[in-house]
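Lettering of chains follows the sequences in order, A, B, ..., and the numbering in each one begins at 1.
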Amino acid sequence: MTDSSPCTAYVSSTSEMSEPHMSDQEEPSPETPGAVEVPYRFDVDSTTAKLHEQWDSLGDGEETGAEVTVAGRLMLRRDQGKIVFGVLQDGTGRIQLFAPAKTTPRFEEFGKLSLGDWIGVTGEVIKTRRGELSIRPSAWTVLATTRRPFPDKWHGISDPDTRYRQRYVDMWVSEDSNRTLRARSRIMSLTRRWLEDREFIEVETPVFHSIASGALARPFSTHHNALGLDLFLRIAPELYLKRLTVGGFERVFEIARVFRNEGISTRHNPEFTMLELYWAYADYTDIMELVEQLVAYLAVEITGSTTLSYDERELDLAAPWRRASMIELIEEHAGLALSIDMDRDELAGIAREHGIEVKDYYGPGKLILEIYEKTTEAELWGPIFVTDYPKEVSPLSREHRTQPGLTERFEAIVAGRELCNAFSELVDPDEQLARFHDQEAERAAGDAEAMGMDLDYIRALEYGLPPTGGLGIGMDRLVMLLTGATTIRDVVLFPTLRPEQDGVAEAPSES
RNA sequence: GCGCCUCUAGCUCAAUUGGCAGAGCAUCGGACUCUUAAUCCGCAGGUUCUGGGUUCAAGUCCCAGGGGGCGUACCA
């Protein structure tokens, strides 16, 4: 919103209404008792937040002479006989309606509005004797009635299931939900703008993949009838985005909904949103700087500061974040001096000592990762970049320039959770083909999440992928971090749930 | 997947040892000219998640199923 005038920002420029909103001819028609005719459009010229901003400093009992029009739902009503007090809520907040019998049109009807009804109100901005900023209606109209009773005006909805299923109600009665879901939208918007300012372009790549690849996860499958083709919903957009880098999009990103057929938890929804970006001529150290700057920027925009508390623990997101290799961190937290060159059986022995179930196809790299996850990962709070993952568990990452057997890959741990995964991209088609073959061998050995072979991607690499840094950020988890949400369902508008068994009950009929 | 917990009016919650299923808010009717979850009076509102079982008697105990939550496993 760039409009500088708060009182015109919401008026449609095409409006030609001379008799704007109210009319007194809204009597229910006799054929349909109880029916309320509602207008096709309605002009507002302010919001509750703007009114507070402009007039909160008004003295008790003062009047402004300023007439405004706002709209929203009636959330509370206090009927005082010859005065009715209401509370109108819109997308920005709440304001009191002060409606004396003398000045309020259709006063009786006004007092009979249901909590939850949408109304548009025009009136003077005043402050009551008791000091509550209010609108004294000179005209009002019903914009929609609610046929179902709203939840308890004080307790709201407490049942999480109902909150997620009927988000359209939750958003009105739960301030936290409202704030968090709006913050999500804002984080997405700020992220786009921040990247575009750095000359990244946004793209949309296919959701249907004939090969589920680009991540280690089990996919959803579906079917195209006309093509007679089984397809997977994507588990990552990675390989398509790198094709675009081959194609000359040097800085590219996608905010991608991805789908993984795995368990549901407070940190996992089957569909979630991942920001992936690819940056030609950059390596993983450039990506680390990008991540810490982006996250610190978003923290300041959303919370006002780089320091915040999450789960009652402090966190400082200011750049730079600590960088430490996986092997260093294992030594630091578990006192184990490991190396990627160590004998496989020796590593397997150490892993077993720590209670890890070692499978036959685990090589040294997988064993080091398992030991890290068992002994070290849960100890990390962050923000920290955990770098230099083993090649064996990083089939798309480029081998480390000085440490063979490791890759230039990192994950960021923030508030004890993985926030992102990134690397210097593997650019050599022969090497990539060999890594895919390794993955196929792992799949044959029983790993259901091993990555699928994508020969067209190999062909793309054969045309030449320049040095490129790539990144994936779990945006839902980022939103959780910045809003303090402890379950992913609070940051997803409509989280995946089983369907309601008994169907949806009919609205209570008025008789 | 597995383990533990939970489900009562539109919403939030009670119901003693197994003994008539209740309250507040919302709705509906009434009173009230500065309220702040207004207050006061009144009416109405129920397949106690579903199906079995034990019992003279089940919201309560038992079995099976369903929804949800948390933990755990896989993962971001």
Side-chain angles (χ1 to χ4, degrees), chain A residues 60-61 74-87 94-104 107 111-117 126-134 136 146-166 169-170 173-174 215-219 235-236 256 258-276 357 373 377 411-414 417-422 447-449 472-478 480-481 486-489 495 497-502 505-511:
Chain A
D60 294 359
L74 183 72
M75 297 304 283
L76 292 174
R77 193 188 54 238
R78 297 180 283 276
D79 190 337
Q80 185 70 46
K82 290 292 197 294
I83 299 180
V84 171
F85 296 89
V87 171
R94 293 180 161 198
I95 194 161
Q96 176 165 275
L97 304 176
F98 175 85
K102 262 186 203 166
T103 62
T104 304
F107 177 75
K112 285 183 176 153
L113 288 168
S114 291
L115 299 192
D117 282 348
I126 62 160
K127 203 162 229 182
T128 60
R129 278 182 236 157
R130 296 292 179 87
E132 183 74 34
L133 189 69
S134 306
R136 185 173 52 209
T146 175
R147 299 166 65 167
R148 295 180 184 254
F150 252 51
D152 187 281
K153 62 192 177 187
W154 184 248
H155 298 97
I157 307 176
S158 69
D159 180 19
D161 181 46
T162 309
R163 290 184 41 221
Y164 303 138
R165 287 191 202 281
Q166 295 178 240
V169 179
D170 179 47
V173 301
S174 160
L216 305 172
R218 298 172 65 179
I235 55 175
V258 300
F259 308 86
R260 298 190 183 175
N261 207 339
E262 292 158 356
I264 294 177
S265 79
T266 52
R267 289 179 294 283
H268 301 86
N269 196 57
E271 53 179 308
F272 64 100
T273 302
M274 201 156 70
L275 166 67
E276 280 206 9
E357 189 190 337
E373 287 177 350
E377 191 176 27
E411 288 190 1
I413 303 287
V414 182
R417 294 162 162 82
E418 292 166 31
L419 183 70
C420 71
N421 184 20
D447 182 354
E449 294 178 349
I473 294 186
M475 293 302 282
D476 310 87
R477 290 191 181 172
L478 181 59
M480 288 170 69
L481 177 72
T486 53
T487 164
I488 196 169
R489 295 186 194 98
L497 298 170
R498 286 190 171 84
E500 282 177 273
Q501 207 64 20
D502 305 329
E506 279 177 38
S509 59
E510 312 267 331
S511 51

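- Across the P atoms, G1(B) and G65(B) are found 12 Å apart, a figure rounded to whole Å.
- Both distances falling under 3.5 Å, in either a Watson-Crick or a G-U wobble arrangement, place A23(B) opposite U12(B).
- Between the Asp476(A) side chain and the Thr273(A) main chain, a donor and an acceptor come within less than 3.5 Å of each other.
- The separation between Leu74(A) atom CG and U27(B) atom C1' is 14 Å, rounded to whole Å.
- OP1 or OP2 of A37(B) has not a single side-chain nitrogen or oxygen of Lys153(A) nearer than 4.0 Å.
- Between Arg498(A) atom CZ and G66(B) atom P there is a gap of 8 Å when expressed in whole angstrom units.
- The CD-P distance, from Gln80(A) to C40(B), rounds to 13 Å in whole Å.
- For Arg267(A) and A73(B), the shortest distance from a side-chain N or O to OP1 or OP2 is not below 4.0 Å.
- The shortest distance between side-chain heavy atoms of Met75(A) and Val173(A) falls below 4.5 Å.
- Residue Arg165(A) has a polar side-chain atom (N or O) positioned under 4.0 Å from OP1 or OP2 of G68(B).
- For the C1' atom pair drawn from A9(B) and G24(B), the interatomic distance equals 12 Å after rounding to whole Å.
- For Tyr164(A) and G67(B), the OH to C1' distance is 15 Å, given to the nearest whole Å.
- Rounding to whole angstrom units, CD1 of residue Ile264(A) and P of A73(B) are separated by 17 Å.
- Note that OG of Ser265(A) and CZ of Arg489(A) are 7.5 Å apart. Values are rounded to the nearest 0.5 Å.
- Heavy atoms of Arg94(A) sit nowhere under 4.0 angstrom from any nucleic acid atom.
- One can place CG of Asp60(A) at 14 Å from C1' of U36(B), the figure rounded to the nearest angstrom.
- Note on Glu411(A): nothing from the nucleic acid sits closer than 4.0 angstrom, heavy atoms only.
- Between U8(B) and A23(B), the distance separating the two C1' atoms is 13 Å to the nearest Å.
- Within 3.5 Å, no donor on the side chain of Asp159(A) pairs with an acceptor on the base of C7(B), nor the reverse.
- Within the nucleic acid shown, Glu132(A) comes within 4.0 Å of at least one base atom, counting heavy atoms only.
- Arg498(A) and Arg165(A) get closest at one heavy-atom pair: O-NH1, 2.6 Å.
- In terms of heavy atoms, Arg260(A) sits closest to Ala217(A) at CD-CB, 3.5 Å.
- Base-pair partner of C28(B): G42(B) (Watson-Crick or G-U wobble, both distances under 3.5 Å).
- Comparing G67(B) with U33(B), their C1' atoms are spaced 50 Å from each other, to the whole Å.
- When the side-chain nitrogen and oxygen atoms of Thr266(A) are compared with OP1 and OP2 of C70(B), none of them lie within a distance under 4.0 Å.
- Remark: Arg163(A) is not in phosphate contact with G68(B), judged by side-chain N or O atoms under 4.0 Å from OP1 or OP2.
- For the C1' atom pair drawn from U48(B) and A38(B), the interatomic distance equals 33 Å after rounding to whole Å.
- Between G10(B) and G19(B), the distance separating the two C1' atoms is 30 Å to the nearest Å.
- Each of U33(B), U36(B), G10(B) was ranked by its minimum atom distance to the side chain of Lys82(A); first place goes to U33(B).
- Using a 4.0 Å heavy-atom cutoff across all strands shown, Gly156(A) reaches sugar-phosphate atoms only and no base atom.
- The nearest heavy atom of RNA chain B to Arg489(A) and to Gly263(A) marks one nucleotide each, and the one closer to the 5' end goes with Arg489(A).
- Residue-level contact check: Gly81(A) touches the bases, meaning some heavy atom is under 4.0 Å from a base atom.
- Using Watson-Crick or G-U wobble geometry with both donor-acceptor distances under 3.5 Å, G65(B) finds its partner in C49(B).
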query = Does the pair Leu74(A) and Leu97(A) meet the rule for a side chain to side chain contact (heavy atoms under 4.5 Å, CB included), with working shown?
reply = CA-CA 9 Å; Leu74(A) 183 72; Leu97(A) 304 176; 4.3 Å; yes
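- Atom CZ of Phe85(A) and atom C1' of U33(B) are 8 Å apart (whole Å).
- Between Arg148(A) and G10(B), a side-chain N or O to OP1/OP2 separation shorter than 4.0 Å is absent.
- To the nearest 0.5 Å, atoms CG (Asp159(A)) and CD (Gln166(A)) are separated by 9.5 Å.
- Comparing the P positions of G51(B) and A58(B) gives an interatomic distance of 15 Å, to the nearest angstrom.
- We find that NZ of Lys112(A) is positioned 17 Å from P of A26(B), with the value rounded to whole Å.
- Residue-to-nucleotide contacts include a donor-acceptor pair under 3.5 Å from the side chain of Asp152(A) to the base of G24(B).
- Comparing the same atom, P, in U60(B) and in G18(B) gives a spacing of 11 Å after rounding to whole Å.
- Ser114(A) and Thr146(A) get closest at one heavy-atom pair: CB-CG2, 4.2 Å.
- Within 4.0 Å (heavy atoms only), Arg136(A) reaches no atom of the nucleic acid at all.
- The pairing partner recorded for G1(B) is U72(B), the criterion being a Watson-Crick or G-U wobble arrangement whose two distances lie under 3.5 angstrom.
- Across all strands shown, Ile473(A) has no heavy atoms under 4.0 Å from either base or sugar-phosphate atoms.
- Nearest-nucleotide positions on RNA chain B place Ser158(A) closer to the 5' end than the other of Ile83(A) and Ser158(A).
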